[in-house]
Each structure stands twice: as C-alpha cells, then as structure tokens.
Amino acid sequence: MRKLLIAGNWKMNCGPYDAAELLEGLISQKSEVDENVDVLVCPPFVSIGMAVKYLYDTDIQVGAQNIHFEENGAYTGEISGSMLAESGCNYVIVGHSERRQYFGETDETVNKRVKKSLEHKLAPIVCVGESLDQRKSDTHHEVVENQIKAALEHVSNSEILDVVIAYEPIWAIGTGETASPEQAQEMHKHIRNILTNLYGDEAAEAINILYGGSMKPANARDLLDQKDVDGGLIGGASLDAESFSEIINIAEDLV
Ligand code: 13P
C-alpha cells in the first residue's frame, strides 16, 4: 500500500526568521504524524538549516527546491546534491514549472538533476504538468507523457522506486483554480500507465504521484481520496501552519 506524502513547497518565501516562526507553529500542531503519512517541507536553501534544526525531533522531513547537476566546482550561485544531503535533506523538487518557465529549465536538465538527486539518495519530486493552452488543445496527455519519459531517461528499475512524480497543471498553480478530483484522477491514472509501460506494474503501483495546484483544506479531502492521488505538493497553503496541519489531518484520516 502506498503512503500519502504531504509536501510543502515554500517557494521564495521565509528566510530563517520567518521559517522559525512557521515551523514553531507547525510543530505545535503536528510534531507526530501517522505512520502511513509522510510529511515534508521544502524551504528556500537559506532556511534548510533552520528547518532541519527545528524538525530534528519530529516526524516532518526536509527537502530542497532545486539541485545542480554537477558535483561541485565553478558554478556560481548553485547548490550541489552533496551539500543538500549533508544539510539534512531527504527530498528535492526537480523541474518545477516555475523553473521551466522562468529559469530555462529543460527536459534535459531536469533529467540530469533527477540522476544527480538519486546518486545522493535524495528522492526527486519530479514536476510535470500542462499549460492551459495545451489542455484546451487536448495535448495535455502527450505533453505529460513526454515530460515523464524525458525526466526518467536512464533511471533504472531500482532507482525508480525512490522517485516521486508531482502532477501540477500550470493553470492551477497559485491561481486558486484547482483541477477537479476527476481531472486529477484521470491524469494520475494516465501517469501510472506510463510508469507501468516503462517499469512494470509492481514499480508503477509503488510510486507516489502527488497533485499540486491550489490544494487547500477545503479541497484536499476530495483530491486525496482519489485512487491514484498519493499526496499533495502544496504551495500557498503550506505557508500557513494551520492550513498545512489541516491538510495533514485530512491525509491521516484517509489512510
Ligand atoms: P499553490 O498551492 O500555491 O497553487 O502552488 C502549487 C505548487 O506549485 C507547489 O509546487
């Protein structure tokens, strides 16, 4: 049985002081979590240390929002996989649509980052999802399939078990507009079928597929209740300790 994974993507919010305040709020509500639910926060790089320190004694894990694909060297401004692992991260978000849209991330660099994450035992959360135009022109299935195949190139049958996929329709990110539970389930099933074709049934059944895009306490239950929705990648609502804890409570209720 797959666990549910509730992951907060803080994006470019919360330096160390604000992070401490948010984490204190979160810990006061939710330091222990049901064993069938994994909880993760992904702060900006400068607040990872603070998060690891605050969450040391809790069931909440820490991840990063990006990773560079080279090991080390003259890459000004970049952060390597060994640095993230050494800092206490277990996960890393890779290929978020905001990175593809604003920072020139391509399918090829996403794949390199996935490979580097796996090398450092950081579980990559690989983000895929279509734009509004692509959905309107009915190419969303093909777009997502191409993104997944490119991101997972040369990922082995054993490595795939550490990969998490996040389906984040771009039109639902930060817009308040959510995919309906039916739309989410339909795309998640499509993604699981792609994984079955690539890695077989058993692996595909074991992989977590998260939904992201305006998930909040009011819609989390219906989304998380879908058969192939195995958690959420939550932006805005993860910046509020009460909302994020409420989503965790809903997940605990469903497992
Ligand atoms: P919102 O929850 O703010 O829509 O963001 C979703 C997201 O992009 C998570 O990675």
Side-chain angles (χ1 to χ4, degrees), residues 4-14 18-19 22 26 38-45 47-48 51 60-67 84 89-103 105 109-110 113-114 117 122-132 134-135 140 143-144 147-148 151 163-181 183-184 187-188 191 208-224 226 229-251:
L4 289 179
L5 171 59
I6 303 299
N9 175 8
W10 293 5
K11 308 194 179 183
M12 198 172 73
N13 297 289
C14 295
D18 287 344
L22 176 53
L26 187 56
D38 284 327
V39 177
L40 169 71
V41 292
C42 300
F45 292 130
S47 301
I48 285 174
I60 303 171
Q61 305 184 69
V62 181
Q65 297 175 20
N66 195 15
I67 175 176
L84 296 178
C89 291
N90 304 324
Y91 288 84
V92 57
I93 298 169
V94 176
H96 192 282
S97 61
E98 287 150 13
R99 296 220 58 86
R100 295 178 193 252
Q101 194 177 346
Y102 306 130
F103 302 101
E105 195 83 59
T109 57
V110 170
R113 290 176 212 272
V114 168
S117 312
L122 298 159
I125 302 179
V126 183
C127 300
V128 297
E130 80 284 359
S131 66
L132 188 56
Q134 289 163 336
R135 181 162 278 264
H140 49 299
V143 166
V144 167
Q147 287 173 333
I148 289 182
V163 173
V164 176
I165 306 286
Y167 169 57
E168 300 205 308
I170 296 169
W171 47 272
I173 296 177
T175 58
E177 190 173 338
T178 323
S180 69
Q183 282 172 321
M187 182 58 93
H188 282 227
I191 293 173
N208 270 113
I209 306 174
L210 313 184
Y211 169 80
S214 301
M215 187 184 273
K216 45 186 179 274
N219 59 28
R221 182 175 295 275
D222 288 342
L223 287 161
L224 295 173
Q226 300 301 311
V229 177
D230 310 314
L233 184 54
I234 299 144
S238 73
L239 297 172
D240 179 75
E242 215 164 293
S243 299
F244 194 57
S245 323
E246 226 177 294
I247 297 175
I248 301 167
N249 288 338
I250 290 168

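Note that the structure is predicted; figures quoted are calculated from it, not measured. When a ligand or atom number is given, it counts from 1 through the structure's own listing order.
- At least one N or O atom of G235 sits closer than 3.5 Å to an N or O atom of ligand 1.
- Residue contacts with ligand 1: E98 is placed with no nitrogen or oxygen under 3.5 Å of a nitrogen or oxygen of the ligand (distance criterion only).
- The protein non-hydrogen atom at the shortest distance from atom 5 (O) of ligand 1 is K11 NZ, 3.2 Å.
- Counting heavy atoms closer than 4.0 Å to ligand 1, residue K216 contributes nothing at all.
- Each of the following atoms of ligand 1 lies closer than 4.0 Å to a heavy atom of E168: 6 (C), 7 (C), 8 (O), 9 (C), 10 (O).
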Test log, rule side chain to side chain contact (heavy atoms under 4.5 Å, CB included), inputs V126 and Q147: CA-CA 9 Å; V126 183; Q147 287 173 333; over 6 Å; no
Residues Q65, F45; criterion side chain to side chain contact (heavy atoms under 4.5 Å, CB included); working and verdict: CA-CA 8 Å; Q65 297 175 20; F45 292 130; 5.8 Å; no
Trace of the side chain to side chain contact (heavy atoms under 4.5 Å, CB included) decision for D230 with V164: CA-CA 10 Å; D230 310 314; V164 176; over 6 Å; no
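- By the 3.5 Å distance cut-off applied to N or O atoms, G236 is counted among the residues near ligand 1.
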Donor-acceptor pairs under 3.5 Å, side chain of residues 5-13 to any protein atom, not counting sequence neighbours: which ones?
residue, atom, partner, partner atom, Å
N9, OD1, K11, N, 3.0
K11, NZ, E98, OE2, 2.8
N13, ND2, W10, O, 2.9

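- Note: an N/O pair closer than 3.5 Å links H96 and ligand 1 by distance alone.
- Ring-plane geometry between H188 and Y167 is classed as perpendicular, the angle between the planes exceeding 60 degrees on a 0 to 90 degree scale with a lower cut at 30.
- Close contacts of ligand 1 with G213, meaning ligand atoms under 4.0 Å from a residue heavy atom, involve 4 (O), 6 (C).
- Proximity of P169 to Y211: side-chain heavy atoms (C-beta onward) are separated by under 4.5 Å at one or more points.
- When non-hydrogen atoms are compared, ligand 1 lies under 4.0 Å from the side chain of N9 (C-beta onward) but not from its backbone.
- Considering both main-chain and side-chain atoms, G174 comes within under 3.5 Å of ligand 1 through a nitrogen or oxygen pair.
- Counting heavy atoms closer than 4.0 Å to ligand 1, residue S238 contributes nothing at all.
- The contact set between ligand 1 and S214, taken as ligand atoms under 4.0 Å from a residue heavy atom, comprises 1 (P), 2 (O), 4 (O).
- In this structure C127 satisfies the side chain to side chain contact (heavy atoms under 4.5 Å, CB included) test together with I93, H96, A166, E168, L233, sequence neighbours excluded.
- Here the options are V39, L22, I60, the test is side-chain contact (heavy atoms from CB on, under 4.5 Å), and the partner is F244; only V39 passes.
- Put simply, the side chain of T109 never gets that close to the backbone of E105: no donor and acceptor are under 3.5 Å apart.
- Residue-ligand proximity, A172 to ligand 1, at heavy-atom distances under 4.0 Å covers atoms 4 (O).
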